[in-house]
Amino acid sequence: MNILCIILAAVMAPLFIGIVNQTKAFFAGRRGPGMFRLYVDICKLLRKSCPRPRHSTWLFDIAQSASLAAVIAATAVFPWTGGGGLSSFIPAAVFFYLLAAGRFFTVIGALDAGSAFEGMGASREVQFSALVEPIIFTVLGFLVLLTGDISLSGALSGIAPESWKANVIALVLAFIAFLAVFLLENCRVPFDDPETHLELTMIHEAMLLDVGGPDLAFALYGAALKFELLAAFLVMMFMPCFGQGWKHAAVMFIAIALLSAVTGVVESVMARFRFLKTPHTLMGAALVAALAVLIHVCF
Amino acid sequence: MLSTETIFCTPVIAVGLAAAVHATAYIHGEARRHLPRFWFFFVSTVAAMVAVVFADGKLPFLLAWEAMGLASAGLVAFESKEKSVRKATWIYLLACHAGACALMLAGVLMDRPETAIAAFACATIGFGLKIGFPPFHSWLPEAHPAAPAPASAMMSGAMIPLGFCGFIRFFHLWSGIEPANAAMICGWTFLVLGAIGSVGGILFALPQANLKRLLAFSSVENMGVIAMGLGLAFLFAWQKTAEPIAKLCWGGALAHILNHAFLKGSLFLAAGSVLRQTGTLDQDRLGGLMRRMPFTGTLFTVNAFGLAGLPPLNGFIGELAIYIGAFCAIRTGEPMLVGAGFLAALSLSLTGGFALAAYAKAIGGTFLGEPRSQAAAQAVETPRRMWVAQLVLTCLSIAMIPGTVLFINRMTGGFATDILTVAAALGCAFATLAAALLLLRRFACPRGAEKPRLPVWDCGYDSPTPRMAYTATAFTQPLADLFRPLLRTRRHVLTFKGDPASPSDAAIVTETDDVAIGGLWRPFFHKIARVFQQAHLLQNGSLHLYILIILIAVLALLVFALVS
């Protein structure tokens, strides 16, 4: 059943991006591209050929495949059914290291193209991801402190309702900090705008300028999967336990859909932050996470 | 049980052999006349390192330690015609002797209870000077770029960690203090120095344009990671119930010594190959070497990936063991251990993020994109034995993927082995999955054989030149700017001259020097020099004064003899 849930999660990933886009379309008064647009795009791209930059090497060729493989591996260890499987063994650090490995390949692929804009995007990607790491690990430490379990599923699903009551302030602070991680890692407003098509302001998209065909399909699907994964992480971290199995998975997918809609709302009502201020925002989020830990330890 | 000797001796032999093979081709042209000198110092360094590992007792250890420093200084000084090399040799010799001096003091002081703490401080300085604990790391970024690449590979991979070997011996002999207190002191010292060293080391590695300087600072980082593992182990050892966790951290740290030795050794050899083929190590002038030196480039990429601590390679598994230790510390809920755990986990995560940036820069700047100078454009692959030497070390690191798991399993007797095994297997699954996706991509692109090649997108500009690509320095500039108060990067901007309508050349040069040298050591040694300036009152060249001094001394001795 665990495996079925993983496959279901893998299949549903592009749908959540569709929900975000439809929400945005609703707010903008458009009809929108439809929930299933990304599926169509991916199928279309898979049938095309892979153009390559003039001076790229084998690293460019493998970059998107390896990057997607890392995200899929992270999907496979996530406790979709609330526990069991690999997730009860590995520490949460492994999950984030897999995502980091995927990022490494994207960055290397972008640098391999040798274009100024891709270098720019890669440079920003590593900058922001380096600053996000301490937030992630502060939140992880907080979860370990709260649940007394270092495994991924244990740290994620162990928050009992009474623990919520006792630590509500700390939990809300940790939620805010991780929300920043979620939006930044998925290149969402207010940190990055997936809609912008100006090379100078993009982060993630800028790294994919010269990627096409199946590679672009992999990149788009990888981004959708990562969105779903981090949303699931955020949801599961703070969702009260619904038992294990189908029920848990179903509740989680609904919650992810809601979070996607919220992301769409955020993108519709908010402007993007000033680019150069992003590091300061991230440091603020890190401080919020640290505050959550302090509040939990001291009170 | 694996003995400490085995763990510390393996890198010496493995990296030493690979470096020797590499050196046979690395030293070429005019420099071959000095080959005997190189081999003399090379072999003596290896011999001295082995002697340090196996030395029995304080005096033999100190002798071997001093011999190791002197012999390797001969290696650093190999290209002594250049002024910068002579300067680096001086700094290195100074660090070696200051370290040996502190160690002699530690050896004298360690047995008595009242001087136990002083002995520990001396040992921290003495071994810290070799390991590269902040602020004693200043010789590393000077000596590594100056030394020939095989020598830097050996020094970075095998020699620096010997400081930990010495520390472990010191700890065993340190009798003047209660074991629990000793573990506490050692634990916190290692943890704090390791945290500062790992984050600071990789932060300073980021903006370095010189590839070997980048690698040298990254050695400071890795030694910091090892020190944090050992520090956590000491703190857990103090708690009787947590013995398996202590052993896990200990095993993770020792495994990281091996992993770092193989990975970093190979990276330094690759840097040497780049220098030999292009004549420069400036990443802003390199680029595009992957297509010109495919073997060197591929091996460099694999090793850099491993050293960034990413799955599935070995660097990841060693660091994971330390991560587990850190989270176990947080889990205990004891304030002291929670603090230690957060310190270690946060430092490791920051280090991981910066290491990803630094190594992406090293790969991208040196090997990817288009060549940014004539020298890089004309480079060709090295003689075969140079990349074979790297290949051997790379194979050893890949063997260390299961090797690390087995090693830690042996250390802990089974604790956390399941976690590490699953993590290693997951890494392999990731690699297999990537291969499967590549096949799918091949299948999806039926015209794969043609592989259309197009110009890169530069906003519609049709013929982008290499000068328009992002340089290595530009790649890390946002992070470097963010940490500018700490890094104190100096910028030399050569702006437009003359008529703004027809501007002439403009250029920017940035330099990031070691803060410890400018902020601590230079003022420190200037102060010492000023104190000794006062001694010039006595040594002013006048014979009368000297005779007067002798007279006074004789009289004083006479009086002393009469009185007593």
Side-chain angles (χ1 to χ4, degrees), chain A residues 46-47 49-55 57 59 62 65-66 68-70 72-73 77 86 89-91 93-94 97-98 100-101 104 107-108 111-117 119-120 122-124 126-127 129-131 133-134 136-138 141 144-145 148 150 199 209-210 213-215 218 279 293 297, chain B residues 288 290-291 301 305 308 310-311 316 320 323-324 327-328 330-331 333 338 341-342 345-346 349-350 352-354 356-357 360 363-364 368-370 418-419 422-423 426 429-430 433-434 437-438 441 444-445 447 451-459 464 468-470 474-479 482:
Chain A
L46 276 176
R47 287 200 305 274
S49 67
C50 286
R52 299 192 302 165
R54 213 171 263 159
H55 296 282
T57 64
L59 276 170
I62 70 157
S65 313
L68 175 60
I72 293 180
V77 297
L86 288 177
F89 279 105
I90 58 157
V94 177
Y97 264 67
L98 278 171
F104 188 86
V107 167
I108 288 295
L111 288 177
D112 198 13
S115 126
F117 296 116
M120 205 178 282
S123 162
R124 289 168 183 167
V126 296
Q127 182 199 7
S129 65
L131 296 175
E133 296 279 314
I136 294 175
F137 280 86
T138 313
V144 169
L145 200 61
I150 62 164
E199 291 87 343
L209 279 174
D210 286 294
D215 272 350
F218 287 170
V293 174
V297 171
Chain B
M290 183 67 93
R291 297 202 308 151
T301 308
F305 187 72
L310 295 170
F316 161 68
L320 182 64
Y323 258 119
I324 298 173
F327 281 121
C328 284
I330 295 175
R331 187 173 61 176
V338 170
F342 266 107
L346 282 185
S349 68
L350 263 178
F354 290 142
L356 194 152
I363 299 170
L368 304 182
E370 287 182 64
D418 49 351
I419 301 180
V422 169
L426 201 62
F430 157 48
L433 212 56
L437 284 174
L438 273 175
R441 175 178 177 274
C445 288
R447 288 177 295 154
K451 289 175 187 164
R453 282 198 178 271
L454 306 167
V456 292
W457 172 250
D458 263 334
C459 261
M468 292 163 70
Y470 240 42
F475 180 72
T476 47
Q477 179 262 336
L479 269 177
L482 193 61

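Given the structure is predicted, the values throughout are model-derived calculations rather than measurements. Here is how names work: the chains are called A, B, and so on, in the same order as the sequence lines, proteins then strands, and each is numbered from 1.
- Neither the backbone nor the side chain of I136(A) comes within less than 4.5 Å of any heavy atom of chain B.
- Contact of L479(B) with chain A is made through backbone and side chain together, with heavy-atom distances under 4.5 Å.
- Chain B forms the most heavy-atom pairs under 4.5 Å with one residue out of G114(A), A130(A), A116(A), and that residue is A116(A).
- Note: F137(A) and Y97(A) have perpendicular aromatic rings, judged against thresholds of 30 and 60 degrees for the angle between ring planes.
- In terms of non-hydrogen atom pairs under 4.5 Å with chain A, the most contact-rich of G364(B), A429(B), A360(B) is A360(B).
- The minimum heavy-atom distance linking F430(B) with P311(B) is given by the pair CE2-O, 3.4 Å.
- Panel note: side chain Y323(B), backbone S349(B); a donor-acceptor pair is recorded below 3.5 Å.
- Contact check for L350(B) versus E133(A): no side-chain heavy atoms found under the 4.5 Å cut-off.
- Residues Y470(B) and L111(A) are not in side-chain contact: their nearest non-hydrogen atoms beyond the backbone lie 4.5 Å or more apart.
- Heavy atoms of I330(B) lying under 4.5 Å from chain A belong to its backbone as well as its side chain.
- Ranking V297(A), V77(A), L145(A) against chain B, the residue ahead of the rest is L145(A), based on heavy-atom pairs under 4.5 Å.
- With a 4.5 Å cut-off on non-hydrogen atoms, D210(A) touches chain B through its side chain but not through its backbone.
- When heavy atoms are compared at a cutoff of 4.5 Å, P214(A) approaches chain B solely by way of its side chain, counted from C-beta outward.
- Taking A474(B), G333(B), A423(B), G369(B) one by one and counting their heavy-atom pairs under 4.5 Å with chain A, the maximum is reached by G369(B).
- For the pair P279(A) and Q127(A), the minimum side-chain heavy-atom distance is below 4.5 Å.
- With a 4.5 angstrom heavy-atom cutoff, L438(B) touches chain A via backbone and side-chain atoms both.
- No other option in T476(B), L426(B), I324(B) has as many heavy-atom pairs under 4.5 Å with chain A as L426(B).
- When every heavy atom of F89(A) is checked against every heavy atom of D418(B), the shortest pair comes out as CE2-OD2, 3.5 Å.
- The backbone N or O of P134(A) lies less than 3.5 Å from a partner atom in the side chain of T138(A), making a donor-acceptor pair.
- Nearest heavy atom pair, residue G119(A) against residue F475(B), reads O-CD1, 4.0 Å.
- Contact annotation for L356(B): both backbone and side-chain heavy atoms come within less than 4.5 Å of a heavy atom of chain A.
- Counting heavy-atom pairs closer than 4.5 Å to chain B, the top-ranked of the candidates I150(A), V126(A), D112(A), V144(A) is D112(A).
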